[in-house]
Every structure is written in structure tokens, then in C-alpha cells.
Student: 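I'd like to ask you about the structure that follows.
Every heavy atom of this structure was used, including side-chain atoms; hydrogens, water molecules and symmetry mates were not.
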Amino acid sequence: MNFLILLAGVLIGLIIARVVSITRGLATLTVKGASFMRTFQATRPDEQIRVVPGTVVDGEGNVIDPQPPLLITVESTDTSVVSLEQDPSDQTLINIHYGAPGTAVIRARIQTADGSISEVIEETIRLTVGDPAGIAAGTFVFPDDAPVAVPEPPAPVEDQPAPVEDQPAPTEPLAPADEVTEEAVTDTGDEPHPSE
């Protein structure tokens, strides 16, 4: 019985080791011509990245050292999002500047000196806005500073009489209600009296 438990443990261990080996192989798998996407904040500091050329092989798959060395050129599809500059002393070193939010594809063309064999690698870079880092200058707005918006006149309601226009403004202040005299009341006769 102990032998069967030991045997089962060994078999399970071998199966787990094989699954880990397969998974590890998948994690390092490089697909020719594949494109990947990275997402960063636009506030990411400038940095230096490296282009790692693949190996050069002959028709039988044997690795060879190309003479003269490979040539590498880089480009960005939108330099306002990501701009690239090759280091003059080492063509595999690329200075990368992150700019405005957006999406850009960065490409490296790796080719032999005569241009007969070339490979393009690319990645998509998506920049999002950064975390809040400050507040833009604010200001106080006083009523005298702001332009006065003239409201639209309300639509006339059919049940109400139209307002009286071109009526002269009173020239004398109105008398208090307890001092109203016959001389202070004028009747134009145009409107019905409220008691009628």
C-alpha cells in the first residue's frame, strides 16, 4: 500500500513538472511578426530601451554571425505620443520620450547591410492621462467681471393680457396708501375698474 502511495506521488510530481515546463516554454515563446501593446501614463519619465535583434540563421537554421553587423532603424507612427531617438554610439539603444495621451506604434527594422534580409518588430504604446499632480490656476469671478447674460423673454401666455408698453414713468413719488387723495388717482378709462 505504501508503495502505491509513493508511486502516485512520483507520478503526480512528474506531471506537475511537465506542466510547469510547458508553461515556462509558452511564456518565453516569441512569435515572428507579432505585435504587443503596452499601456503607460503620459507622465512616465523618458527612458532608454534596447532593441534586441534575433539571431541570424542560414537556410538550414544554423546560427551565423552577420558580417558586416545588422542595421537597425526605428520609427514611431505618432511622435506626439511617443518619439524615438537612436543612441549615436549604439544603434540598439533607443531614447524614448512619452508625450500626449494617445496611441502610437513603435517599429524597429533590423536588416542585413545589403538589405537582402530584414525583419520588423513592433509594439503598440497607449498613453493615458496621468494621476492628478496639481490644480491649474483658479481665479475669483465677481459679478462685475463676468459678462451679463441676457435671459430670453418668456413665451407669452395666451390667458394673460399683453404688458402695457410706452407708458410714461411716474414723475412724482407715490403717496402712502393712507394719504391717497382724489387728485393722486387718475382714471384713463381704458381698463375696467376692479369693482366692476
Side-chain angles (χ1 to χ4, degrees), residues 6-142 145-147:
L6 180 63
L7 182 60
V10 170
L11 288 175
I12 291 173
L14 289 173
I15 291 171
I16 291 173
R18 183 67 180 149
V19 169
V20 168
S21 173
I22 291 170
T23 306
R24 188 175 298 139
L26 290 175
T28 58
L29 180 66
T30 303
V31 180
K32 183 177 179 179
S35 179
F36 301 96
M37 178 187 247
R38 297 178 190 260
T39 300
F40 302 124
Q41 290 184 340
T43 54
R44 184 179 177 97
D46 295 353
E47 58 190 333
Q48 197 170 59
I49 60 174
R50 182 177 293 277
V51 174
V52 179
T55 55
V56 178
V57 294
D58 66 9
E60 294 294 322
N62 301 310
V63 176
I64 58 174
D65 185 23
Q67 292 300 325
L70 297 172
L71 300 174
I72 300 173
T73 56
V74 294
E75 68 177 352
S76 170
T77 58
D78 190 343
T79 56
S80 68
V81 176
V82 176
S83 61
L84 305 172
E85 182 182 326
Q86 278 183 280
D87 189 296
S89 63
D90 183 352
Q91 66 176 350
T92 64
L93 292 178
I94 311 299
N95 297 311
I96 185 167
H97 169 73
Y98 303 100
T103 303
V105 176
I106 58 172
R107 290 189 184 99
R109 177 176 297 280
I110 304 163
Q111 62 186 18
T112 56
D114 64 0
S116 61
I117 302 172
S118 68
E119 178 69 24
V120 174
I121 57 174
E122 63 181 33
E123 281 200 27
T124 302
I125 306 281
R126 184 173 150 254
L127 294 184
T128 61
V129 294
D131 293 329
I135 298 175
T139 186
F140 290 105
V141 177
F142 288 84
D145 296 343

Student: Okay, side chain of D87, backbone of Q91: is any donor-acceptor separation there less than 3.5 Å?
Tutor: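 Not a single qualifying donor-acceptor pair exists.
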Student: Would you say that I72 contacts T92 through its side chain, given a criterion of any heavy-atom pair below 4.5 Å between the two side chains?
Tutor: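 Touching, per the 4.5 Å side-chain cut-off.
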Student: With side chain to side chain donor-acceptor pair (under 3.5 Å) as the criterion, how do Q48 and N95 come out once you've worked through the C-alpha distance, each side chain's angles and the decisive distance to 0.1 Å?
Tutor: CA-CA 4 Å; Q48 197 170 59; N95 297 311; 3.0 Å; yes
Student: Could you tell me if the side chain of V74 sits less than 4.5 Å from the side chain of I106, heavy atoms only?
Tutor: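 Side chain of I106 against side chain of V74, heavy atoms only: no contact under 4.5 Å found.
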Student: Return the OG1 to CG distance between T55 and N62, rounded to the nearest 0.5 Å.
Tutor: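 Between T55 OG1 and N62 CG, I get 11.0 Å after rounding to 0.5 Å.
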Student: Other residues, nucleotides and ligands only: do more than 12 of their heavy atoms fall within 6.0 Å of CZ on R44?
Tutor: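 Check passes, neighbour count above 12.
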Student: Side-chain contact, heavy-atom cut-off 4.5 Å: Q111 with E119?
Tutor: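 Q111 vs E119: side chains apart.
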Student: Heavy atoms, side chains only, cut-off 4.5 Å: are I121 and R107 in contact?
Tutor: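 No. Closest side-chain heavy atoms not under 4.5 Å.
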Student: Under the side chain to side chain contact (heavy atoms under 4.5 Å, CB included) rule, what do R38 and E123 come out as? Steps first, then yes or no, please.
Tutor: CA-CA 7 Å; R38 297 178 190 260; E123 281 200 27; 2.5 Å; yes
Student: Just wondering, do V51 and I110 contact through their side chains at under 4.5 Å, heavy atoms?
Tutor: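 A side-chain contact exists here, since the closest heavy-atom pair is under 4.5 Å.
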Student: Counting only N and O atoms by type, is there a donor-acceptor contact under 3.5 Å from the side chain of S76 to the main-chain atoms of V82?
Tutor: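 Checked: pair present.
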Student: Side chain to side chain contact (heavy atoms under 4.5 Å, CB included), that's the test. Do L70 and V56 meet it? Break it down for me.
Tutor: CA-CA 9 Å; L70 297 172; V56 178; 3.9 Å; yes
Student: Just wondering, do R50 and D90 contact through their side chains at under 4.5 Å, heavy atoms?
Tutor: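 In contact.
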Student: Specify the closest pair of heavy atoms between R109 and S118, including all atoms of both residues, with the distance to one decimal.
Tutor: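 Reported closest heavy-atom pair: NH1-OG, 3.5 Å.
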Student: Heavy atoms, side chains only, cut-off 4.5 Å: are T128 and P101 in contact?
Tutor: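 The answer is no; the side chains never approach within 4.5 Å.
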Student: Are the side chains of T124 and T103 in contact, using a 4.5 Å heavy-atom criterion?
Tutor: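 The answer is yes, as the side chains (C-beta and beyond) meet within the 4.5 Å cut-off.
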Student: Indicate yes or no for a side-chain donor-acceptor contact from E75 to the backbone of V105 under 3.5 Å, with no hydrogens or angles considered.
Tutor: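 No: the side chain of E75 does not pair with the backbone of V105.
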Student: Output every pair passing ring-ring contact (aromatic ring centres under 6.0 Å, His included) with a member in residues 51-104, not counting sequence neighbours, ordered by first then second residue.
Tutor: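 Sorted pair list: F40-Y98.
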Student: Would you give the length of the straight line joining atom CD1 of I49 to atom CD1 of I96, rounded to the nearest 0.5 angstrom?
Tutor: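 If we round to the nearest 0.5 Å, I49:CD1 and I96:CD1 are 4.5 Å apart.
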Student: Might you point out which heavy atoms bring L127 and A100 nearest each other, and give the distance in Å?
Tutor: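 Nearest pair, atom of L127 first, then A100: CD1-O, 3.6 Å.
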